[in-house]
Protein chains: 2
Amino acid sequence: MNIAQHLSTHDIKPSYQRIKIYEYLYEKMNHPTVDLIYKNLVGEIPTLSKTTVYNTLKLFIDKGITSTVTIEDNEVRYDAIMDAHGHFKCTACGAIYDIKYDFKDVAMNELKGFEVKETQVHVKGKCNQCLTNKN
Amino acid sequence: MNIAQHLSTHDIKPSYQRIKIYEYLYEKMNHPTVDLIYKNLVGEIPTLSKTTVYNTLKLFIDKGITSTVTIEDNEVRYDAIMDAHGHFKCTACGAIYDIKYDFKDVAMNELKGFEVKETQVHVKGKCNQCLTNKN
DNA sequence: CATAAATTTGTAATCATTACAAATATAAAT
DNA sequence: ATTTATATTTGTAATGATTACAAATTTATG
């Protein structure tokens, strides 16, 4: 995918920082925190400011090409995938997995007459890798 | 329900503050923030400290009689209902509704071999009340 | 009572996020 | 090109929720 193009399509001027931040989000798919994005890019962009990362992510969210994942109380994570999907966080290794779910099945009958804009499904536990390795 | 009893059953000594905090959680069912709990109880317990509210909620969570609701990025809410259920937050009036969902349907087939400890379902949008009133 | 243990409290520290204004870069106009 | 305006980035300071910690208070125990 052409990232500059993608940003332009969504009414975002493709500056160097914006391209790099989106590229990181999109290619790593690791649901990073602001801090992780910053630490991974500051080598390549030495003048990068954490404020820019915050500003840029807020812009991405406003324009609808990024969403937040609040699976933990104390940190906000970011995701470039915009299709409805859930997240599983392994409490052992910390990895976050994308999971599909059937949107229709999630409480939709209870929300008759409600206007649903956004659904988040968060599951926590231990991933199969950690379960087989450790135990 | 006898709250002191309930706390004792879960290995929590039923102090005055703990009883009052649990009582607030359980009776109001309003998914309050720490600040809201504090503001509502400090009239009745003038010496109450916000630290006590934090400590107490952490204890409740450890002992399994309270859970957190992180439907917003910037605030943690608390809930005394421990059955698996989801939450709908109205972006217009701010109210939080409990919603039931079918646990089996939520991505369970994708998590074969995973150990699931906790599931949270968050839905945002506008409630029927706000939709009929406003529009 | 006296002593020990648990609980509560207040203050200070921490950490993520936001506000804001200066600096820099980009685009438009002359 | 050069100036002028606009947008973007940056750094610092402010905010606000949460945690750390030690003193004060309360409750339980000998």
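Protein chains get the first letters and strands the later ones, always in sequence-line order, with residue 1 at the start of each. Since we're looking at a predicted model, the values are computed, not measured.
- With the nearest nucleotide of DNA chain D identified for both B:N74 and B:T51, B:N74 has the one nearer the 5' end.
- Contact between the side-chain N/O atoms of A:T47 and the OP1/OP2 oxygens of D:dT10 is found at a separation under 4.0 Å.
- Contact annotation: A:T52 side-chain N/O to D:dT10 OP1/OP2 distance is under 4.0 Å.
- Taking atom CZ of B:F60 as the reference point, atom P of C:dT7 lies 12 Å away to the nearest angstrom.
- Regarding contacts with the backbone of D:dT26, every side-chain N or O of B:Q17 stays at 4.0 angstrom or more from both OP1 and OP2.
- In this structure, A:N55 reaches the bases: a heavy-atom distance under 4.0 Å links it to at least one base atom across the strands shown.
- Using a 4.0 Å cut-off, no side-chain N or O of B:S15 falls inside it from OP1 or OP2 of C:dT7.
- Taking 4.0 angstrom as the limit, B:Y54 places none of its side-chain polar atoms (N or O) nearer than this to OP1 or OP2 of D:dT19.
- B:Y22 has its ring centre less than 6.0 Å from the ring centre of B:H6.
- In this structure a side-chain-to-backbone donor-acceptor pair under 3.5 Å is present from A:T91 to A:G125.
- Residue contacts for B:K50: at a heavy-atom cut-off of 4.0 Å it reaches no nucleic acid atom on any strand shown.
- Rounded to whole Å, the distance from OH on B:Y16 to P on C:dT9 is 11 Å.
- Across all strands, B:T33 comes closer than 4.0 Å to no nucleic acid atom at all (heavy-atom distances).
- Taking atom CG of B:D73 as the reference point, atom P of C:dT18 lies 8 Å away to the nearest angstrom.
- Taking the six-membered ring for Trp and the full ring otherwise, A:Y78 and A:H31 have centroids separated by 6.0 Å or more.
- Taking atom CG of B:L59 as the reference point, atom C1' of C:dT8 lies 13 Å away to the nearest angstrom.
- Heavy atoms of B:D35 sit nowhere under 4.0 angstrom from any nucleic acid atom.
- Taking 4.0 Å as the cut-off between side-chain N and carboxylate O, B:K126 and A:E118 do not count as a salt-bridged pair.
- Checking D:dA7, C:dT18, C:dG10 against the side-chain heavy atoms of A:K58 singles out C:dT18 as nearest.
- A straight line from CG of B:L41 to P of C:dT8 spans 13 Å, rounded to a whole angstrom.
- One interatomic measurement links the two molecules: CZ of A:R18 to P of D:dT10, which rounds to 11 Å at whole-angstrom precision.
- Between A:L57 atom CG and C:dT17 atom C1' the separation is 12 Å, expressed in whole Å.
- The hydrophobic cluster containing A:Y26 also contains A:V34, counting ILVMFWY residues as joined when their side-chain heavy atoms lie under 4.5 angstrom apart, directly or transitively.
- When the P atom of D:dA17 is taken as reference, atom CD of B:E72 falls 14 Å away, rounded to whole Å.
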